[in-house]
Amino acid sequence: MHSGTASSGQTKDIVRLPRLVISSTSGGGGKTLLSLGLARTLSRLGHAVLPLKKGPDYIDAAWLAAAAGHPASNLDPFFLDGDGLRSQLAHAFRTLLTGEEQQRAVAVIEGNRGLFDGLDVSGSCSTAALARELRAPILLTLNVTKMTRTVAALLQGLAGFEKGLSFAGVVLNRTGSARHAAYLRKSIEAYTDFSVLGELPRLTENLLPERHMGIASFRGDGLSETAEETLDRLAAFVSSHVDVGTIMERAAQAPSLSAAPFWRAPAHEPDVRPTIGYVRDACLWFYYRENLEALERAGARLVRLSLFDAEPWRFDGGDGLDGVYLGGGFPEDFLESLTDSPRLRELAGQARRGLPVYAECGGLMVLSRSITKDGRRWPMAGVLPVDIEFGGRPRGLGYVRGQTCRRTPFYPEDLIIPGHEFHYSHAVPGSMDNDAAALRLSRGMGLNDGLDAVTAGNAWGSYTHIFAPALPCWAVSFCSLAARWRADRGE
């Protein structure tokens with residue numbers, strides 16, 4: 001359970017980390033319930049739980065972090081190849097756990113969708129592909145409602161569908177009775193090699209609150225006491241019905257991994273170290289930890305901000321802000337407060353002067369001229385030339401791939417940008433100049449019909465979220481732009 005170095009041309013980490021991937025046959029199979037309950041249980045038993053989520057996901061990752069008591073990372077085969085994924089796992093192990101914690105560590109990796117569901121018929125970017133690259137045992141959770149012997153056939157098919165996978169066992173979810181569970185167990189033991197490691201009875205109430213982007217977040221990235229109570233209840237439920245000891249034994253059977261350094265390029269050291277603020281509050285809180293780390297490696301000094309700060313932000317002096325990063329979130333829940341926010345008005349004024357501002361999804365909405373919800377129009381910062389309307393159905397969900405249409409302060413022309421989008425809002429038709437869009441998507445919706453990203457001065461706003469390790473130029477460009485802004489102010 002430790003990391004070391006092995007020298008063979010290039011220095012690599014040898015990581016010995018018990019780990020498992022939790023997956024199912026589809027969404028709704030019980031992955032999140034089992035992942036959260038198991039993470040909280042293992043943490044209470046004295047293990048240092050490293051929480052990880054497969055695919056682009058901020059909300060589930062935040063819940064996993066709360067359950068485990070450690071920050072979470074997203075492992076995404078869309079952004080990184082096998083070497084990159086192994087390096088990211090090793091990096092998270094080294095940086096999120098102390099040396100003492102590494103001796104008692106276990107990684108709980110929650111998959112997404114069904115085990116073999118990917119971007120195409122070949123299953124690229126699936127949970128199975130991730131588990132294979134990480135050489136991690138797979139713990140299946142199956143919704144067995146109104147099933148008996150068929151579950152054995154289902155498991156046989158899953159086990160033989162692709163090569164190179166290792167299965168830790170199966171947890172039966174939503175069993176109807178002790179008799180039902182016994183029938184299932186006998187069928188699985190008779191026809192498959194799977195170990196039944198738990199039987200979760202059907203619940204009369206859903207322990208996980210829902211909202212349109214997944215399980216509810218309560219107060220942005222600060223989970224409430226209600227959320228803590230939910231996690232405790234999940235842990236009690238899972239620990240009472242799952243063989244946690246055997247699951248840990250199977251996780252410990254995962255082989256050692258050889259991983260190159262995650263950040264392969266040396267840290268950029270600008271002549272001027274700019275100060276970049278990132279807004280993280282109940283309104284905007286969707287950030288990849290790796291994006292913030294990339295900015296620091298590129299030379300930035302980061303400052304956490306809130307659009308609801310009582311005191312004004314500093315834009316002058318030696319420690320004044322030289323740039324602002326606005327992530328995603330739920331601005332539609334705070335429209336009245338945003339309209340009245342002095343900090344938003346300050347930011348708008350500085351952006352019009354040329355302050356570098358990078359905004360994703362919710363941040364784009366905040367920088368727009370207005371947001372319309374339920375027929376009422378709310379004025380926003382007015383920095384970006386677009387109006388936004390919030391709707392009741394998804395407008396863009398999933399991976400995107402785009403190419404920049406023109407040169408902008410953040411990106412050169414013709415740059416390929418991989419990313420993802422999650423939004424129920426869209427650009428009001430006719431409110432933006434389509435010819436001025438900075439990003440044309442070959443995959444994804446964006447602001448409207450595959451066009452994304454609007455700019456104004458040194459401000460960029462898009463529905464596309466980026467993952468900095470897959471787009472190394474982003475952090476360097478942002479920091480260079482912020483450093484020039486500081487130099488132009490004569491500081």
**Message:** Any donor-acceptor pair under 3.5 Å linking the side-chain atoms of T275 with those of R314?
**Reply:** no

**Prompt:** Looking only at atom types and distance, does a side-chain atom of K54 sit under 3.5 Å from a main-chain N or O of A128, one as donor and one as acceptor?
**Reply:** no

**Message:** Are the side chains of F478 and D322 in contact, using a 4.5 Å heavy-atom criterion?
**Reply:** no

**Message:** side-chain contact (heavy atoms from CB on, under 4.5 Å), that's the test. Do V238 and V171 meet it? Break it down for me.
**Reply:** CA-CA 10 Å; V238 168; V171 172; over 6 Å; no

**Rounded distance [0.5 Å steps], CG in L85 versus CZ in F262** = 9.0 Å

**E290-S73 side chain donor-acceptor pair, cut-off 3.5 Å** = yes

**Message:** Treating R86 as the side-chain partner and E133 as the backbone partner, does any N or O pair qualify as donor plus acceptor under 3.5 Å?
**Reply:** yes

**Asked** Is there side-chain contact between L50 and L89, with at least one heavy-atom pair below 4.5 Å?
**Response** yes

**Verdict with reasoning, E332 to S425, per side-chain contact (heavy atoms from CB on, under 4.5 Å)** = CA-CA 9 Å; E332 64 272 14; S425 61; over 6 Å; no

**Item:** Shortest non-hydrogen contact from L96 toward H70
**Value:** O-CD2, 3.6 Å

**Request:** Answer yes or no: is there a side-chain heavy-atom contact under 4.5 Å between L36 and T230?
**Result:** no

**Pairwise distance CG(D449) to CG(L441) - rounded to 0.5 angstrom** = 10.5 Å

**Complete:** Sorted by chain and number, sequence neighbours left out, side chain to side chain donor-acceptor pair (under 3.5 Å) with S306 holds for D281

**For the student: nearest non-hydrogen atoms of I276 and L321, plus distance** = C-CD2, 4.5 Å

**Request:** Compute the centroid of each ring, for H420 and then for F286, and state whether the two points are separated by less than 6.0 Å.
**Result:** no

**Complete:** dist W263:CH2 -> Q88:CD (nearest 0.5 Å) comes out at 9.0 Å

**Request:** Please say whether more than 12 non-hydrogen atoms of neighbouring residues, nucleotides or ligands are located less than 6.0 Å from CZ in R352.
**Result:** yes

**Asked** Partners of R443 by side chain to side chain donor-acceptor pair (under 3.5 Å), sequence neighbours excluded?
**Response** none

**Item:** Side-chain donor/acceptor of T372 to backbone N/O of E389, under 3.5 Å
**Value:** no

**Item:** Heavy-atom pair of closest approach, residues L38 and L139
**Value:** CD2-CD2, 4.4 Å

**Message:** Strictly distance-based, threshold 3.5 Å: is any side-chain N or O of E421 a donor or acceptor partner for the main-chain N or O of V400?
**Reply:** no

**Check ion pair E293-R297 (N to O, under 4.0 angstrom)** = no

**Prompt:** Backbone N or O of G402 within a donor-acceptor pair of the S442 side chain at under 3.5 Å?
**Reply:** no

**Prompt:** Does S462 offer a backbone N or O that forms a donor-acceptor pair with the side chain of D452 under 3.5 Å?
**Reply:** no

**Request:** Tell me, with the steps shown, if D60 and K31 meet salt bridge (charged side-chain N to carboxylate O under 4.0 Å, His left out).
**Result:** CA-CA 11 Å; D60 285 7; K31 296 186 298 291; over 6 Å; no

**Complete:** Heavy atoms of N74 and A61 approach each other most closely as OD1-CB, 3.9 Å

**Prompt:** Are side-chain heavy atoms of V303 and D319 found at a separation under 4.5 Å?
**Reply:** no

**Prompt:** Counting N and O atoms only, with roles assigned by atom type, does the side chain of T404 sit under 3.5 Å from a partner on the main chain of L415, one being a donor and the other an acceptor?
**Reply:** yes

**Asked** What are the two closest non-hydrogen atoms of A68 and S43, and how far apart are they?
**Response** O-OG, 3.5 Å

**Asked** Any side-chain heavy-atom pair from L367 and M380 closer than 4.5 angstrom?
**Response** no

**Item:** Audit row: H423, M365, side-chain contact (heavy atoms from CB on, under 4.5 Å) steps and yes/no
**Value:** CA-CA 10 Å; H423 54 98; M365 297 168 69; over 6 Å; no

**Prompt:** Looking at side-chain heavy atoms only, is the closest gap between L338 and P331 below 4.5 Å?
**Reply:** yes

**Request:** For Y287, check ring-ring contact (aromatic ring centres under 6.0 Å, His included) against everything at least two apart and list the hits.
**Result:** Y278, Y325

**Prompt:** Looking at E346 and W313, what are the two nearest heavy atoms and their distance?
**Reply:** OE1-N, 3.3 Å

**Asked** Would you say the side chain of N291 lies within less than 4.5 Å of the side chain of W474, judging by non-hydrogen atoms?
**Response** yes

**Message:** Using modelled atom types and a 3.5 Å cut-off, is there a donor and acceptor pairing between side-chain atoms of T41 and backbone atoms of A235?
**Reply:** yes

**Request:** Would you check if the side chain of D309 reaches a backbone N or O of E311 as a donor-acceptor pair within less than 3.5 Å?
**Result:** no

**Asked** Under the side-chain contact (heavy atoms from CB on, under 4.5 Å) criterion, do S35 and L64 qualify, and how do the steps go?
**Response** CA-CA 7 Å; S35 298; L64 276 170; 4.0 Å; yes

**Item:** Non-hydrogen side-chain atoms of F467 and D76 separated by less than 4.5 Å
**Value:** no

**Item:** Within 6.0 Å of CZ in R345, more than 12 heavy atoms from elsewhere
**Value:** yes

**Message:** Tell me if a side-chain donor or acceptor on R94 pairs with a main-chain N or O of D13 at a distance below 3.5 Å.
**Reply:** no

